[in-house]
There are 2 protein chains.
Amino acid sequence: MADVVMDSKHEPVDARDVTDLVLQEILAGVLLPGTWLKQIDLERRYKCTRPEVRRALDRLAQKRLVEHVPNRGYHVYEPDGRRAREVSEIRVILETAVADTIVENASAADIAALKTLAAHFDLMVLNGTMLELYEANLAFHRQLLVLGGNQELVDLITEIRQRTSSAPVSQWRTRARVERSGREHHLMVEAIEKKEAETLKELVRQHILQS
Amino acid sequence: MADVVMDSKHEPVDARDVTDLVLQEILAGVLLPGTWLKQIDLERRYKCTRPEVRRALDRLAQKRLVEHVPNRGYHVYEPDGRRAREVSEIRVILETAVADTIVENASAADIAALKTLAAHFDLMVLNGTMLELYEANLAFHRQLLVLGGNQELVDLITEIRQRTSSAPVSQWRTRARVERSGREHHLMVEAIEKKEAETLKELVRQHILQS
DNA sequence: GTATCCAAAATTGGCGCCAATTTAGGATAC
DNA sequence: GTATCCTAAATTGGCGCCAATTTTGGATAC
């Protein structure tokens with residue numbers, strides 16, 4: 001019910017399963033930064049074949065979630081402060097840029113959908129795993145961006161978010177921080193309702209930068 | 001001398017060769033949109049093994065430059081008007097956003113470097129292949145972005161530029177258009193010299209949108 | 001007791017074969 | 001003459017083996 005949120009592509013469904021499995025384990029913090037991803041381990045862990053593992057690792061290396069060292073293997077990327085900051089900066093630029101369009105285009109139904117997603121996030125704060133929380137947050141922001149009317153932008157941001165979120169756990173260290181995120185989501189929806197684009201921009205800006 | 005411009009990554013150098021080879025052929029317009037990329041053909045054409053071809057195709061599919069149809073193969077993506085427009089929009093947002101920083105940070109040496117690259121582009125307009133022209137243009141824009149001080153942004157834009165440039169030939173259809181691009185490059189450098197950020201933004205905006 | 005060197009075990013990664021699916025061509029029936 | 005079915009060729013893609021490189025553990029020398 002929650003795992004079908006992904007994309008609507010007719011992509012290689014074949015081996016993507018393994019890729020996503022490893023991806024989720026990294027995002028969930030099970031596979032910590034620096035961990036060496038041995039092919040035999042993954043092979044056994046996910047009950048798949050060697051070529052499947054290798055393709056998954058290659059894809060993750062392309063996404064720059066793991067690093068490939070020739071003849072040594074693949075290991076989860078160490079968190080890079082600079083990169084994280086730069087990605088946040090990019091997100092601020094892009095997400096504030098579409099704020100005007102969002103405020104303009106948002107229908108009553110859109111706002112209702114956002115409220116549902118914001119509420120769902122709150123629910124996951126109380127009783128949900130770290131991954132579910134991460135996905136609830138992602139779903140809210142995706143829906144927000146969809147209203148910007150640029151599908152490519154939605155996909156792009158979804159993509160770059162993964163790049164530095166090697167340890168999403170570390171981002172939401174404190175409970176207070178998470179709860180504040182929840183409140184900010186509601187504030188954003190309010191700003192949209194009141195058609196206050198500038199307020200929305202400032203909210204988005206702060207929301208992104210303090211992670 | 002011109003082919004070392006790429007990135008400074010310590011990436012899998014092993015099979016990337018093949019990936020880049022196919023990539024360049026697509027960018028150069030040799031492999032037209034819709035063309036089916038048969039594994040045997042590529043294997044012979046680039047004198048490489050089957051697994052290498054397959055990895056290259058998988059990577060290009062990830063980059064969404066080719067589409068994978070299960071049990072049918074891979075074919076070059078058809079140009080998508082909507083996506084092209086959306087990518088341009090994203091580029092305008094990002095490249096104008098860093099204009100302020102560029103104007104602030106640009107040293108005399110930086111400006112000189114830009115002038116050299118702009119001149120090199122002009123040279124390629126006169127006597128250079130389509131691919132060389134493409135790369136000269138890319139080099140100029142990369143150098144411009146580097147001054148923005150966000151490395152991640154530089155890489156990101158380089159990446160998304162490739163997504164829709166299935167047929168770069170079609171972008172620079174007329175000679176007049178190309179020559180105008182060359183002149184605009186010089187105007188951008190001038191704006192930076194005069195520290196006119198707003199002028200630069202408008203130039204960048206128009207430069208990107210009319211392609 | 002510590003450092004160095006050597007050997008064995010483990011891991012990566014290149015390569016090719018074969019089964020499954022699809023496509024094209026020809027033969028037959030209408 | 002045309003449409004349909006069936007067979008054969010071709011293409012994709014899954015899977016496993018083996019060589020090359022690296023790492024680890026132990027033995028030996030200092």
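Per chain, numbering begins at 1; letters A, B, ... match sequence-line order.
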Expressed as a whole number of angstroms, how long is the span from A:Trp36:CH2 to D:dT21:C1'? 14 Å
In terms of heavy-atom contacts, does CZ of A:Arg205 have more than 12 from other residues, nucleotides or ligands at under 6.0 Å? no
Any A:Arg55 side-chain N or O less than 4.0 Å from OP1/OP2 of D:dG14: yes
Please collect all ring-ring contact (aromatic ring centres under 6.0 Å, His included) contacts where either partner lies in residues 136-159 of chain A, sequence neighbours excluded, each pair once. A:Phe140-A:His185, A:His141-A:His185, A:His141-A:His207
Hey, what are the protein-to-nucleotides 8-12 of chain C N/O distances that come in under 3.5 Å?
unit_1: C:dT12; atom_1: OP1; unit_2: A:Gln39; atom_2: N; d: 3.3
unit_1: C:dT12; atom_1: OP2; unit_2: A:Gln39; atom_2: N; d: 3.4

Qualifying residue, where the test is side chain to side chain contact (heavy atoms under 4.5 Å, CB included) with B:Ile111 and the options are B:Leu147, B:Thr116, B:Val189: B:Val189
Would you kindly give the CD-to-C1' distance between B:Glu52 and D:dG13, to the nearest whole Å? 17 Å
Cation over ring, A:Arg54 on A:Tyr74, under 6.0 Å and within 45°? no
Least distance between heavy atoms, B:Arg64 atom then B:Tyr77 atom: O-CD1, 3.3 Å
Does OP1 or OP2 of C:dG14 have a side-chain N or O of B:Thr49 closer than 4.0 Å? no
Can you tell me how far the CG atom of B:Leu94 sits from the CD atom of A:Glu89, to the nearest 0.5 Å? 10.5 Å
